[in-house]
Amino acid sequence: MRPTVYIADIAQHEGQEITLHGWLYARRSSGKLHFLQVRDGTGTIQCVVFKGNVTPEAFHEADHLPQESSLAVTGLVKKDARSPIGFELDVRSLAVVARPAREYPLGHKDHGVAFLMEQRHLWLRSQRQQAILRVRHTVEKAIRDFFDQRGFTLVDAPIFTPSACEGTSTLFEVPYFDLGKAYLTQSGQLYMEAAAMALGKVYCFGPSFRAEKSKTRRHLTEFWMVEPEVAFMDLDGDMELMEQLVEYVVQTALEAHRRELVSVLERDVSKLEAVRAPFPRITYTEAVEVIQRTGHPMKWGDDIGGDEETLVARQYDRPVMVHRYPSDLKAFYFKRDPADAKVALGCDVLAPEGYGEIIGGGQREDDLATLEAAIARHDLPAEAFEWYLDVRRYGSVPHAGFGMGVERCVAWICGLHHVRETIPFPRMMERITP
RNA sequence: UCCCCAGUAGCUCAGUUGGCAGAGCAGGUGACUGUUAAUCACCGGGUCGCAUGUUCGAGUCAUGCCUGGGGAGCCA
């Protein structure tokens, strides 16, 4: 068996008798007419069953099919101005592939978030979730295309990692044969630094795991991240790469899904049209001044939290790049600014409309002695970083990179309240099923 | 880890001062040739999250627990 015609291609079959395969989304009746809304993953079409066109048994069955019955519907494709897609199917025969074993849990009215999350495997069938997953698909493809077109090589980073790089509290621990404990990766960055010394321009694209007990709309315990790393690139080059990537991803998603963004997700796409490089760039020090001017209490050296991010991002109609954070706030591998040792050559990209940090990255420390001192100062186990120090021992060069979170990008592009809708099966602190 | 909110029918919710457990949707049976969350009539549907307590009497009040949601910190 194979599907004969998809709803998306229905216009090519006007006047023909065809067979559609799909699921019954909704049903209405008006005496001698039954209206079946059938979806097949490419679209939804109204199938009209007229009493005079089918057998009495088929007519009766058409009015008693439960929601999400799977069907093969044969009929005539007719143009109809009343249809949202311009066409209807005038049904001649109807075959039931499978009747639901019990009543479908999801109706067409309101449901609470908790219930929908429990029914996530079925919730995916809704128009809204389909639209979001299609945007996610396009975002992931755009990310791959962006780097591939620029001569980057995709290098897969390991998922199991041997030791805690930045404290075990945020790592998931798994038993690993006779070697003791392993941890699920938080980032492929250190491996990309090694790979960049082999291939020049590299990126990894995979899941990342954080055992942080975070219960916010911006957090998942398992999320997807793309991490490019480039040899012979400094912070300025890194920031250019960041803004070009964000512009490309947003504009590609907008071009491919404008209709769904507007009609299904009710997104104000003018906010996305504005996302054009160059993005505004401000230093951390300038950001602190902006925050202080709004009356929000904050002093130099404090981290920029969620509220502060929103205060800064609100000043602009496009993502803002905040660079040169205090070194003390950043990880050991950030290079310090030669012009001001108090700050690190790092940069975060904050999305507008309160969506927060979508990118974090910067230039890495390339001097062996300085990096060894940083590892000691952070009380990290030196043995675990021997291989990483080798990257500096043999032909060290200035290099930079960053990580961009897929879910936060998709949530921003789709205008969603919570990142959990951007991933097919979200993993959160209090939820691991379905 | 901390703060706030919620839990009543399959779902979304109402439930007055503590006094017989309710509605809409969904489901079932019918009516209707153009419905778009169709409409109309009738029918079935309950461990009021769990436990203890107060009371003649608890969905309602108190205490504890469980589950979920929102937020903070941390981060992408």
>> One character per nucleotide, please: for nucleotides 69-76 of chain B, 5' to 3', B when the base has a protein heavy atom closer than 4.0 Å, S when only the sugar-phosphate does, - otherwise.
In response: BSBBBBBB
> What is the distance from CG of Asp80(A) to P of rU35(B), rounded to the nearest Å?
Replying inline: 11 Å
> Atom CZ of Arg120(A) to atom P of rG68(B): distance rounded to whole Å?
Replying inline: 17 Å
> If you look at every strand shown and take non-hydrogen atoms under 4.0 Å, does Ser208(A) touch a base, only sugar-phosphate, or nothing?
Replying inline: nothing
> Considering residues at least two apart in sequence or located in another chain, which fulfil the side chain to side chain donor-acceptor pair (under 3.5 Å) criterion with Ser126(A)?
Replying inline: none
>> What is the separation between atom OH on Tyr25(A) and atom P on rA26(B), rounded to the nearest whole Å?
In response: 12 Å
> Looking at residues 48-78 of chain A, who's got a heavy atom less than 4.0 Å off RNA chain B?
Replying inline: Phe50(A), His64(A)
List every contact pair, protein side and nucleotides 41-46 of chain B side both N or O, where the distance is under 3.5 Å.
none

> Rounded to whole angstroms, how far apart are CZ on Arg27(A) and P on rG34(B)?
Replying inline: 18 Å
> Which pairs pass ring pair (Phe, Tyr, Trp, His ring centres under 6.0 Å) with one or both residues in residues 27-49 of chain A, sequence neighbours excluded?
Replying inline: His34(A)-Phe59(A)
With 3.5 Å as the limit, what N/O pairs link the protein to nucleotides 23-25 of chain B?
none

> Got a sec? Which of residues 30-42 of chain A come in under 4.0 Å of RNA chain B, heavy atoms?
Replying inline: Ser30(A), Gly31(A), Lys32(A), Leu33(A), Phe35(A)
>> Would you say the ring centers of Phe385(A) and Phe332(A) fall short of 6.0 Å from each other?
In response: yes
> What base-paired stems does RNA chain B take part in, with at least 3 consecutive Watson-Crick or G-U wobble pairs and both distances under 3.5 Å?
Replying inline: B:1-7 with B:66-72, B:10-13 with B:22-25, B:27-31 with B:39-43, B:49-53 with B:61-65
> What is the distance from CE of Met429(A) to C1' of rU67(B), rounded to the nearest Å?
Replying inline: 13 Å
> Taking CZ from Phe115(A) and C1' from rG49(B), how many angstroms apart are they, rounded to a whole number?
Replying inline: 17 Å
>> Can you pull out every ring pair (Phe, Tyr, Trp, His ring centres under 6.0 Å) where at least one residue sits in residues 206-228 of chain A? Sequence neighbours excluded, please.
In response: none
Would you list the atom pairs, donor with acceptor, under 3.5 Å between side chains in residues 409-421 of chain A and any protein atom, with sequence neighbours excluded?
from      : atom 1 : to        : atom 2 : distance (Å)
His418(A) : ND1    : Arg420(A) : N      : 3.0
Glu421(A) : OE1    : Arg128(A) : NE     : 3.1
Glu421(A) : OE1    : Arg128(A) : NH2    : 3.4
Glu421(A) : OE1    : Gln129(A) : NE2    : 2.7
Glu421(A) : OE2    : Arg128(A) : NH2    : 3.4

> Taking NE2 from His111(A) and P from rA37(B), how many angstroms apart are they, rounded to a whole number?
Replying inline: 15 Å
> Does Arg427(A) have any salt bridge (Lys or Arg N to Asp or Glu O under 4.0 Å) partners at least two apart in sequence or in another chain, and if so, which?
Replying inline: none
>> Going by the rule side chain to side chain contact (heavy atoms under 4.5 Å, CB included), which residues pair with Glu227(A) if we only count those two or more places apart in sequence or in a different chain?
In response: Ser187(A), Gln189(A), Cys204(A), Met225(A)
> Quantified in whole Å, what is the P atom distance between nucleotide rA51(B) and nucleotide rG59(B)?
Replying inline: 13 Å
